[in-house]
Every structure is written in structure tokens, then in C-alpha cells.
*Asks:* 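Can you keep this structure in mind? I'll have questions shortly.
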Amino acid sequence: MLIPRLPFLLSCSALFQGFHGWCPASQEAEVGQAIRSKIADGTVKREDIFYTSKLWSTFLRPEFVQPALEKSLKNLQLDYVDLYIIHFPAALKPGEELFPKDENGKMIFDTVDLCRTWEALEKCKDAGLAKSIGVSNFNRKQLEKILNKPGLKYKPVCNQVECHPYLNQSKLLDFCKSNDIVLVAYGALGSQRLKDWVNPSYPVLLEDPVLCAIAKKHKQTPALIALRYQMQRGVVVLAKSYNKKRIKENMQVLDFELTPEDMKAIDGLNSNVRYYDLLFISDHPDYPYSEEY
């Protein structure tokens with residue numbers, strides 16, 4: 001099997017207080033410094049890097065979208081990002097607080113028309129600040145709202161969602177494929193056991209007996225089985241690790257193939273276990289997980 005040269009895929013998606021995908025300004029500056037140093041010493045060219053950034057929930061009002069991206073680009077010292085996505089469809093109160101709360105500790109919501117937010121992203125693409133634009137954590141109805149918007153100029157190229165064998169998102173995947181939207185899986189290996197974000201009673205994905213048995217058969221790790229499963233379904237998979245050995249190991253996902261029987265067995269693990277259910281904003285009118293998919 002011929003494997004094309006893979007670009008460097010970078011996403012400013014450090015886990016901040018457990019909310020997958022958001023990157024503080026200080027980390028953007030550090031990531032930007034690393035990118036520039038490796039471009040300067042000839043290790044990579046800018047076009048070899050695919051950089052993704054996200055629009056945080058306190059910036060969903062249309063007038064805040066481009067300034068938010070411009071601030072990120074300034075921190076990164078880049079001219080553009082390759083992909084800019086709406087991080088979450090539920091808007092929070094604009095301001096300096098990333099998680100704005102009232103005196104009772106309840107999250108303060110904002111009301112935003114996501115179609116207007118999307119139009120602002122389209123303007124960012126037209127301005128050359130983002131090569132592509134997409135969304136994250138959107139359900140089918142929220143995607144349809146954008147797709148059916150009068151005057152739509154660019155449809156989302158992707159929808160990044162939690163997706164793994166315990167939450168295989170098969171219906172959402174079919175919907176996205178039918179609309180030429182790439183489903184991107186985060187949490188593909190389950191979740192870190194962060195007590196403030198994940199119910200500790202939830203099962204550990206990589207200890208699942210079915211995954212372990214298939215891994216043993218193929219002489220691979222359960223993590224590689226979970227990643228390969230997504231690839232064979234046509235899902236773009238994100239695997240996050242701080243371990244150099246595991247990062248190298250993840251590349252071995254290209255070296256083997258699961259059988260139809262393997263795929264069927266893993267499909268059978270789906271139990272709609274959502275590690276990142278974000279119940280603290282479940283009463284938001286745009287909370288996406290109230291729908292089936």
C-alpha cells in the first residue's frame with residue numbers, strides 16, 4: 001500500500017479545564033513560536049502544516065468573530081489558519097470570562113443566531129484569514145439550519161464531535177456524508193478520567209474486552225483498533241497524546257486492516273456513552289445533545 005506524504009497536522013486544542021478543543025492565548029503564542037522556529041530552521045514549510053483553531057463560545061456574536069480570529073492569528077504570528085470552526089453551538093455571555101457565571105455559580109448564557117455567526121465565518125474565509133471553515137459539536141438540526149440558510153456561500157467542511165466505539169455517531173455520520181461534511185472524531189480513545197468533567201463510573205474504553213480481543217488477534221493495541229475503526233468508516237480521527245512513544249505508535253494505524261467481522265463487532269459496542277456531556281449547560285436552548293443525533 002502506497003502512503004502519501006503526510007503533512008504536519010496541528011490543532012490548538014489543548015484540554016483546558018477538561019473542555020476539549022479550546023486553547024488559551026498563552027498557549028497559542030507558544031505554539032506559534034514553535035511553528036515559526038521550525039519554519040525558520042527549514043524543518044517544515046507553512047504549506048506543510050494544517051493548523052486548526054476554534055471560535056470560543058463567548059465570541060459567537062457576529063461582530064466578535066473576525067476580531068477573535070485576528071487575535072488568534074496575532075498570537076500565533078500566522079497570516080491564516082487552515083481551518084476555523086465554531087467550537088460549540090451554545091453561546092455564553094461575551095466578556096473577559098471564558099466561563100461566565102452568576103452569583104450562584106450558574107453559567108450565563110447568550111442568545112445568538114448561529115446563521116449570523118456562520119456568515120461571519122464566511123467573511124473570514126473571503127478575507128483569507130481561514131482557508132476552510134467548519135463546526136464542532138453540532139447536531140443534525142443545527143447543521144441543517146446552516147445548510148438551509150438563504151444565501152449560504154460556504155457549507156461547513158467538517159463537524160468535529162465526540163466519537164468512539166461507545167458513541168459511534170452512525171446516524172450523524174450518515175447525515176454528514178450525505179451532505180459532503182467530514183465527521184471528525186475527538187475523544188476517539190475514550191476520555192481522560194477528569195472528575196470535574198467525566199463520570200468516573202463510565203467504562204474505560206481501552207479496557208473493553210471486545211477491543212482487547214481484536215487487538216490481540218491483530219497484534220496491535222486497543223488504541224490502534226479504535227483509531228483504525230474510525231478510519232475505515234470514513235471518519236477523520238484526532239488522537240491526543242503527550243507521550244512520544246504513543247504518538248509514533250499511532251502512525252501504525254496505517255499498517256493493518258480490520259475485517260468486516262471486526263467492524264461489526266465494534267459497531268456492536270455502541271451504547272451512547274458520552275464522556276463529555278457538558279450537563280452544566282444542558283438547559284441552554286442550543287444545547288446540542290438533547291437530540292438523538
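Positions are given from 1 along the sequence.
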*Asks:* Is there side-chain contact between Leu143 and Leu172, with heavy atoms separated by less than 4.5 Å?
*Replies:* yes
*Asks:* Taking side chain to side chain contact (heavy atoms under 4.5 Å, CB included) as the test, write out the residues that go with Lys245, two or more places apart.
*Replies:*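 Side chain to side chain contact (heavy atoms under 4.5 Å, CB included) check on Lys245 returns Asn243, Glu249.
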*Asks:* Please name all residues satisfying side chain to side chain contact (heavy atoms under 4.5 Å, CB included) with Cys124, sequence neighbours left out, ordered by chain then number.
*Replies:*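 Once residues adjacent in sequence are excluded, the partners of Cys124 under the side chain to side chain contact (heavy atoms under 4.5 Å, CB included) criterion are Val65, Gln66, Leu69.
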*Asks:* Less than 6.0 Å separating the ring centroids of Phe138 and Trp118?
*Replies:*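 No, too far apart.
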*Asks:* Within the side chain of Gln220, is there an N or O that forms a donor-acceptor pair under 3.5 Å with the backbone of Ala215?
*Replies:* no
*Asks:* Does the side chain of Cys158 come within less than 4.5 Å of Ile85's, by heavy atoms?
*Replies:* yes
*Asks:* Are any of the side-chain heavy atoms of Ile108 and Leu92 separated by less than 4.5 Å?
*Replies:*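 No, side chains not in contact.
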*Asks:* So, using side-chain hydrogen bond (donor to acceptor under 3.5 Å, both in side chains) as the criterion, who are the partners of Asp110 when residues are at least two apart?
*Replies:* Arg61
*Asks:* Does some side-chain heavy atom of Lys106 sit less than 4.5 Å from a side-chain heavy atom of Lys101?
*Replies:* no
*Asks:* Any carboxylate oxygen within less than 4.0 angstrom of a Lys/Arg side-chain nitrogen, looking at Arg46 and Asp82?
*Replies:* yes
*Asks:* If you round to the nearest 0.5 Å, how far is NZ of Lys244 from CD1 of Ile247?
*Replies:* 9.0 Å
*Asks:* In this structure, would Leu269 and Val273 fall into the same cluster of hydrophobic residues linked by side-chain contacts under 4.5 Å?
*Replies:*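 In one cluster: yes.
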*Asks:* What is the minimum heavy-atom distance between Ser132 and Val157, and which atoms define it?
*Replies:* CB-CG2, 4.0 Å
*Asks:* State whether the number of non-hydrogen atoms from other residues, nucleotides or ligands found under 6.0 Å of Gln33 atom CD is greater than 12.
*Replies:* no
*Asks:* Excluding sequence neighbours, so at least two apart, what forms side chain to side chain contact (heavy atoms under 4.5 Å, CB included) with Thr259?
*Replies:* Lys217, Glu261, Asp262
*Asks:* Can you list everything that forms a ring pair (Phe, Tyr, Trp, His ring centres under 6.0 Å) with Phe109? Sequence neighbours excluded, please.
*Replies:* His284
*Asks:* Tell me whether Asn179 contacts the main-chain N or O of Ile181 through its side chain, where contact means a donor paired with an acceptor under 3.5 Å.
*Replies:*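 Here the side-chain-to-backbone pair does not exist.
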*Asks:* Got a salt bridge between Glu119 and Arg116, using NZ or NE/NH1/NH2 to carboxylate O under 4.0 Å?
*Replies:*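 Yes, charged N to carboxylate O under 4.0 Å.
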*Asks:* When rounded to the nearest 0.5 angstrom, what distance separates CD1 in Ile86 from CD1 in Ile133?
*Replies:* 8.0 Å
*Asks:* Atom CG in Leu76, atom CG in Leu73: separation rounded to 0.5 Å?
*Replies:*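 Leu76 atom CG to Leu73 atom CG measures 6.5 Å (nearest 0.5 Å).
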*Asks:* Indicate the atoms forming the closest heavy-atom contact of Lys145 with Leu114, along with that distance.
*Replies:* NZ-N, 4.4 Å
*Asks:* Are Tyr229 and His164 near enough that their ring centres are under 6.0 Å apart?
*Replies:*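 No, the ring centres sit 6.0 Å or more apart.
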*Asks:* With heavy-atom distances below 4.5 Å as the criterion, would you say the side chains of Leu173 and Asn168 are in contact?
*Replies:* no
*Asks:* Would you kindly confirm whether Ile281 and Leu279 end up in one hydrophobic cluster when ILVMFWY residues are joined by side chain heavy atoms under 4.5 Å apart?
*Replies:*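 As far as the 4.5 Å side-chain criterion goes, Leu279 and Ile281 are connected within one cluster.
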*Asks:* Test Trp56 against Phe99 for ring pair (Phe, Tyr, Trp, His ring centres under 6.0 Å), laying out the working first.
*Replies:* CA-CA 10 Å; Trp56 184 247; Phe99 295 95; 5.4 Å; yes
*Asks:* Are the side chain of Ser136 and the backbone N or O of Gln160 linked by a donor-acceptor pair below 3.5 Å?
*Replies:* yes
*Asks:* Does NZ or CZ of Lys54 lie under 6.0 Å from the centre of the six-membered ring of Tyr84, at an angle within 45° of the ring axis?
*Replies:* no
*Asks:* Should the heavy atoms of other residues, nucleotides or ligands under 6.0 Å from NZ of Lys74 be counted, would the total exceed 12?
*Replies:* no
*Asks:* Using the test salt bridge (charged side-chain N to carboxylate O under 4.0 Å, His left out), find all partners of Arg36 that sit at least two apart in sequence or belong to another chain.
*Replies:*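 Residues passing salt bridge (charged side-chain N to carboxylate O under 4.0 Å, His left out) with Arg36: none at all.
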*Asks:* Charged N to carboxylate O below 4.0 Å: is that the case for Glu291 and Arg140?
*Replies:*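 Answer for the salt bridge query: no.
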*Asks:* As an exercise, state the distance from OG of Ser282 to OH of Tyr289, rounded to the nearest 0.5 Å.
*Replies:*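 Rounded to the nearest 0.5 Å, the OG-OH separation comes out at 12.0 Å.
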*Asks:* If I compare all heavy atoms of Pro288 with all of Asn139, which pair ends up nearest, and what's the gap?
*Replies:* O-ND2, 2.9 Å
*Asks:* Check this for me, if you would: do Lys219 and Asp255 make a salt bridge, where the nitrogen-to-carboxylate-oxygen distance has to be below 4.0 angstrom?
*Replies:* no
*Asks:* With sequence neighbours left out, what residues match Ser72 under side-chain hydrogen bond (donor to acceptor under 3.5 Å, both in side chains)?
*Replies:*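 For Ser72 the side-chain hydrogen bond (donor to acceptor under 3.5 Å, both in side chains) partners, ignoring immediate neighbours, are Glu28.
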*Asks:* I need the minimum non-hydrogen distance between Ala188 and Pro165, along with the two atoms involved.
*Replies:*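 In this case the closest contact between Ala188 and Pro165 is O-CD, 4.3 Å.
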*Asks:* Show the nearest heavy-atom pair for residues Ile266 and Ile214, with the distance to one decimal.
*Replies:*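 Heavy-atom minimum between the residues: CG1-CD1, 3.7 Å.
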*Asks:* Can you list the residues that meet the salt bridge (charged side-chain N to carboxylate O under 4.0 Å, His left out) rule with Lys125, with sequence neighbours excluded?
*Replies:*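 Partners of Lys125 under the salt bridge (charged side-chain N to carboxylate O under 4.0 Å, His left out) test: none.
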*Asks:* Ring pair (Phe, Tyr, Trp, His ring centres under 6.0 Å) with Tyr166: which residues, sequence neighbours excluded?
*Replies:*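 For Tyr166, no residue satisfies ring pair (Phe, Tyr, Trp, His ring centres under 6.0 Å) once neighbours in sequence are set aside.
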*Asks:* Indicate yes or no: at least one non-hydrogen side-chain atom of Met107 is less than 4.5 angstrom from one of Asp102.
*Replies:* no
*Asks:* Only counting residues at least two apart or in another chain, list the ones meeting side chain to side chain contact (heavy atoms under 4.5 Å, CB included) with Lys216.
*Replies:*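 With sequence neighbours excluded, Lys216 shows a side chain to side chain contact (heavy atoms under 4.5 Å, CB included) to no residue whatsoever.
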*Asks:* Between Asp277 and Tyr287, is the side-chain hydrogen bond (donor to acceptor under 3.5 Å, both in side chains) condition met? List the steps.
*Replies:* CA-CA 10 Å; Asp277 52 19; Tyr287 179 73; 5.6 Å; no
*Asks:* For residues Val81 and Lys131, determine if any side-chain heavy atom of one lies less than 4.5 Å from a side-chain heavy atom of the other.
*Replies:* no
*Asks:* Tell me, yes or no, whether the heavy-atom count around Lys155 atom NZ, taken from other residues, nucleotides or ligands under 6.0 Å, exceeds 12.
*Replies:* yes
*Asks:* With side chains defined as the heavy atoms from C-beta onward, is the minimum distance between Val184 and Leu238 less than 4.5 Å?
*Replies:*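 Yes - at least one pair of side-chain heavy atoms lies under 4.5 Å apart.
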*Asks:* How far does OG of Ser170 sit from CZ of Phe175, to the nearest 0.5 angstrom?
*Replies:*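 So the OG of Ser170 and the CZ of Phe175 are separated by 14.0 Å.
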*Asks:* Who pairs with Asp208 by salt bridge (charged side-chain N to carboxylate O under 4.0 Å, His left out), at least two apart in sequence or on another chain?
*Replies:*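 For Asp208, no residue satisfies salt bridge (charged side-chain N to carboxylate O under 4.0 Å, His left out) once neighbours in sequence are set aside.
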*Asks:* For the side chain of Asp48 and the backbone of Val44, is there at least one donor-acceptor N/O pair under 3.5 Å apart?
*Replies:* no
*Asks:* Which atoms form the tightest heavy-atom contact between Leu60 and Val112, and what is the distance?
*Replies:*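 It is O-CG1, 3.3 Å.
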*Asks:* Using a 3.5 Å distance criterion without hydrogens, assess whether the side chain of Gln232 forms a donor-acceptor pair with backbone atoms of Leu258.
*Replies:*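 Present.
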*Asks:* Where does the angle between the aromatic ring planes of His218 and Phe256 fall among parallel (under 30°), tilted (30 to 60°) and perpendicular (over 60°)?
*Replies:*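 Tilted: the ring planes of His218 and Phe256 meet at 30° to 60°.
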*Asks:* Is it true that Leu211 and Leu167 fall in one hydrophobic cluster, defined by side-chain heavy atoms closer than 4.5 Å?
*Replies:*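 Cluster IDs for Leu211 and Leu167 differ.
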*Asks:* Just by modelled atom types, is the Tyr275 backbone N or O under 3.5 Å from a matching donor or acceptor in the Glu162 side chain?
*Replies:*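 Looks like yes, one N/O pair under 3.5 Å.
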*Asks:* Would you say Lys149 has more than 12 foreign heavy atoms packed within less than 6.0 Å of its NZ?
*Replies:*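 Count over threshold, so yes.
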*Asks:* Who are the salt bridge (charged side-chain N to carboxylate O under 4.0 Å, His left out) partners of Lys153, not counting sequence neighbours?
*Replies:* Asp126
*Asks:* Has the side chain of Asn159 got a donor or acceptor atom that lies under 3.5 Å from a matching backbone atom of Cys176?
*Replies:* no
